[in-house]
Amino acid sequence: MLHHVVHCFSLLTPLFLTMLESSNLVTFNGLANSSSYDAFLLDEERGRLLVGAEDHIFSFDLVNINREHKQIAWPATPSKRDECKWAGKDLGKECSNFIRVLQPFNQTHLYICGTGAFHPICSFLEMGKRENIFRLASHFENGRGKSPYDPKMLSASLLIDGELYSGTSADFMGRDFAIFRTLGDHHPIRTEQHDSRWLNGKKRKFIGVHLIPESDNPEDDKIFLFFKENAMDGEHTGKATIARIGQLCKNDMGGHRSLVNKWTTFLKARLMCSVPGVNGIDTHFDELQDVFLMSSKDPKNPVIYAVFTTSSNIFKGSAVCMYNMADIRRVFLGPYAHRDGPNYQWVPFQGRVPYPRPGTCPSKTFGGFDSTKDLPDDVITFARGHPAMYNPVHPIGGRPIMVRTDVDYQFSQLVVDRVEAEDGQYDVMFIGTDVGTVLKVVTIPRESWHDLEEVVLEEMTVFREPTPITAMELSTKQQQLYLGSGLGVSQMSLHRCEVYGKACAECCLARDPYCAWDGSECSRYFPTAKRRTRRQDIRNGDPLSQCSDLQHHGSVEDRGVYGVENSSMFLECSPKSQRALIYWQQQKPNDDRKHEVRTARTLPRVGLSSSREWKNGQLPLWPSASLT
Ligand SMILES: *[C@@H]1O[C@H](CO)[C@@H](O)[C@H](O)[C@H]1NC(C)=O
Ligand SMILES: *[C@@H]1O[C@H](CO)[C@@H](O)[C@H](O)[C@H]1NC(C)=O
Ligand SMILES: *[C@@H]1O[C@H](CO)[C@@H](O)[C@H](O)[C@H]1NC(C)=O
């Protein structure tokens, strides 16, 4: 008779600890007269974290943000504050100088802009090459097209080769939202004004700007923008907001006769992140919240991680989707969206596309034309009328790598670290939420890279009160994570192996790629250290194969239950402790490997139809399970 062995372990340590109880969290609780600690710039070379907040710029020591920080007060002038108040704005909440742009300019200076009480203003911040300088230049520049007027508006910027790319609103009312290029020697360039085909609606928000090379020739370099906007008229009816990726050529100088000082290479596509529903109606995650680029050996092909939430007021959900550049480039080379037909609906453009294809950068690689000012009129006319692509960009694997619903929080920020482990490389995500917590999640390939299993390693509270996390930076050099919110700045270690307990099995079951059992404790794993005694198994988390002392260890109890294929059985395991963690593994006939029986999502694969739940250290209830 074929039978399965189901193992049950009970462990004495809970995996989830509240971070605030531990000493690993360092928090700067902010100034009484400031808020909005959300403009972060990580400066690994100088070992500093620069933070722009309300009326202030801070410089923190990356080793310990509380060690000795420096600060500069940069408030709006009293006259600008008065004007702001007279214009009907809230003096206490809106009429300050909220720092929104903090970008490296050259070896010695940063470029910095703030809302300036609804009167954007920029300046240089001197840092010195290595010296201990931290001072604001005495002359100020107009910040229009660089920083938003309204502190509530999300904007994004990138300074590269002396030029500043900004997605922001450029007027007091917040109506003129656009993508600008300012600074540098050239005339400023922007998106077409008052044209809803280019950028649409009131809910426009810019999330990120990145340079991604297209080839080895810098002439082909492209700037990619991540934003959300209202769906175009008649497009995806019912969806108010949609997420977008936009592209521009870095060497776009605008048109000659038309589109003068406007982008001629701007294209945008929808970023999809959805899960199929039972009734055929997909659940869409359209509210783009954050984007993280995981660089690879090939700078042309970073992996793009994006965090989304739902637009619905009733249904709260969050998701993480992953995209690759090949899919994005394919969409930008695909059909343009075009309005046609009796109902004037959006269709793929079928006609002749003028040459050089709109969206191509002037370069020797593809086009053989020198400047966008040389583009033929028909190319410019076509580009002006067709900024949107017809096909959306779908995520890797066609669906999110992580979804959270039925919880009373949403995701807000994300950073990812690539970690070398004993059995391969893993991406560990740190996801910030709108209630001041951080989830540490590792994605583990099951059969292929397109089939990932997510394991939540830790869930930590990082601010003293529930507050949205609005900024995150990760330092691989320091192995630290830095978090910003309205309340202040926090710092935590990427790994806290000691929380996984005092036994090899506990360390192994944690499946944290940063940690391994070294023979006496759960500690940091270093891939270079050739110590054969290190025990770690991220892919399977199988303590039986890793920990020889398992059967003899007091805190772990292993019990096997035999089941008949295709039958139902009741899985029961009564641990000694109320705080115990229970862990089931299934071993199929003629298979030496044991598979962990995990969340409901993974059950079809292991063939069990039960789900397990535990809350507050209570014992889980075990519904009957059928083995296949
Ligand atoms: C806020 O308070 C700090 C001291 O806590 C002071 O250095 C700073 O100048 C104040 N900022 C403003 C804008 O008044
Ligand atoms: C950096 O830019 C600032 C502002 O334009 C300038 O004063 C400074 O000399 C520049 N530094 C270097 C090293 O070029
Ligand atoms: C279990 O079910 C599968 C599919 O229904 C079938 O192929 C298999 O023979 C069954 N095994 C036993 C032992 O009945």
Side-chain angles (χ1 to χ4, degrees), residues 26-39 41 43-46 48-61 65-85 89-147 151 157-166 181-188 464 484-490:
V26 181
T27 297
F28 168 75
N29 279 322
L31 299 179
N33 56 2
S34 189
S35 71
S36 302
Y37 300 81
D38 3 91
L41 178 67
D43 185 346
E44 297 255 34
E45 224 160 275
R46 294 186 184 89
R48 309 298 293 185
L49 175 73
L50 292 139
V51 175
E54 177 187 0
D55 289 337
H56 294 88
I57 312 138
F58 298 88
S59 166
F60 294 107
D61 185 336
I65 58 169
N66 269 342
R67 203 148 72 179
E68 48 160 79
H69 82 264
K70 296 178 201 164
Q71 72 191 54
I72 296 173
W74 187 21
T77 60
S79 68
K80 288 287 176 290
R81 280 175 63 79
D82 286 346
E83 282 173 33
C84 178
K85 197 179 86 179
K89 301 295 173 188
D90 185 330
L91 185 67
K93 290 204 181 86
E94 298 173 304
C95 299
S96 299
N97 186 26
F98 291 87
I99 312 299
R100 285 293 182 265
V101 176
L102 195 53
Q103 294 279 322
F105 182 75
N106 61 20
Q107 284 183 306
T108 52
H109 287 70
L110 307 183
Y111 195 67
I112 173 167
C113 307
T115 58
F118 276 80
H119 196 277
I121 158 175
C122 298
S123 188
F124 288 94
L125 184 67
E126 191 181 354
M127 295 283 288
K129 265 196 185 119
R130 216 146 274 134
E131 317 85 285
N132 240 346
I133 305 174
F134 187 58
R135 69 177 161 243
L136 197 63
S138 52
H139 91 277
F140 303 114
E141 304 182 351
N142 189 338
R144 185 167 177 267
K146 300 169 185 170
S147 161
S157 53
L158 173 71
L159 203 154
I160 201 143
D161 295 337
E163 296 184 305
L164 181 71
Y165 297 81
S166 299
R181 185 177 62 209
T182 51
L183 297 179
D185 302 330
H186 305 290
H187 192 282
R464 67 194 136 83
S485 75
L487 299 177
V489 181
S490 282

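Below, all heavy atoms of this structure are taken into account, side chains as well, without hydrogens, waters or symmetry copies. Counting starts at 1 for both ligands and their atoms, following the listed order.
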Note to self: Can you check which of Ile72, Asn97, Asn33 brings a heavy atom nearest to atom 10 (C) of ligand 1?
What the structure shows: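 Closest candidate by heavy-atom distance is Asn33.
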Worksheet item: Are Phe140 and Trp74 close enough that their ring centres sit under 6.0 Å apart?
Response: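 Between Trp74 and Phe140, which both carry aromatic rings, the centre distance is below 6.0 Å.
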Minimum-distance protein heavy atom relative to [atom]:
atom                    : answer
atom 1 (C) of ligand 2  : Asn106 ND2, 1.4 Å
atom 13 (C) of ligand 2 : Thr108 OG1, 3.7 Å
atom 5 (O) of ligand 1  : Leu31 CD2, 4.1 Å
atom 4 (C) of ligand 1  : Gln71 NE2, 4.3 Å

Self-check item: Any pair counted as salt bridge (Lys or Arg N to Asp or Glu O under 4.0 Å), so long as it reaches residues 51-60, sequence neighbours left out
Solution: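 Qualifying pairs: none.
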Candidate list Val101, Leu41, Asp43, test side chain to side chain contact (heavy atoms under 4.5 Å, CB included), partner Leu110, passing option: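 Considering Val101, Leu41, Asp43, a side chain to side chain contact (heavy atoms under 4.5 Å, CB included) with Leu110 is found only for Leu41.
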Atoms of ligand 1 less than 4.0 Å from Ala73 heavy atoms?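 Once the distances to Ala73 are compared, the set is 9 (O).
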N or O pair under 3.5 Å between His56 and ligand 1: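 Looking only at distances, the answer is yes, because the N/O contact criterion of under 3.5 Å is met.
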Counting only N and O atoms by type, is there a donor-acceptor contact under 3.5 Å from the side chain of Ser157 to the main-chain atoms of Ser166?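 Answer holds: no.
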Check: Can you tell me if Asn132 and Lys70 form a side-chain donor-acceptor pair at under 3.5 Å?
Finding: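 Indeed, the side chains of Asn132 and Lys70 share at least one donor-acceptor pair under 3.5 Å.
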* To do: Mark yes when over 12 heavy atoms from residues, nucleotides or ligands other than Glu126 sit less than 6.0 Å from its CD; otherwise mark no.
  =>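 Enclosed: over 12 neighbouring heavy atoms sit under 6.0 Å from CD of Glu126.
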- [ ] With heavy atoms of Phe105 as the reference, note each atom of ligand 2 found under 4.0 Å away.
- [x]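 Selected atoms, number and element: 2 (O), 5 (O).
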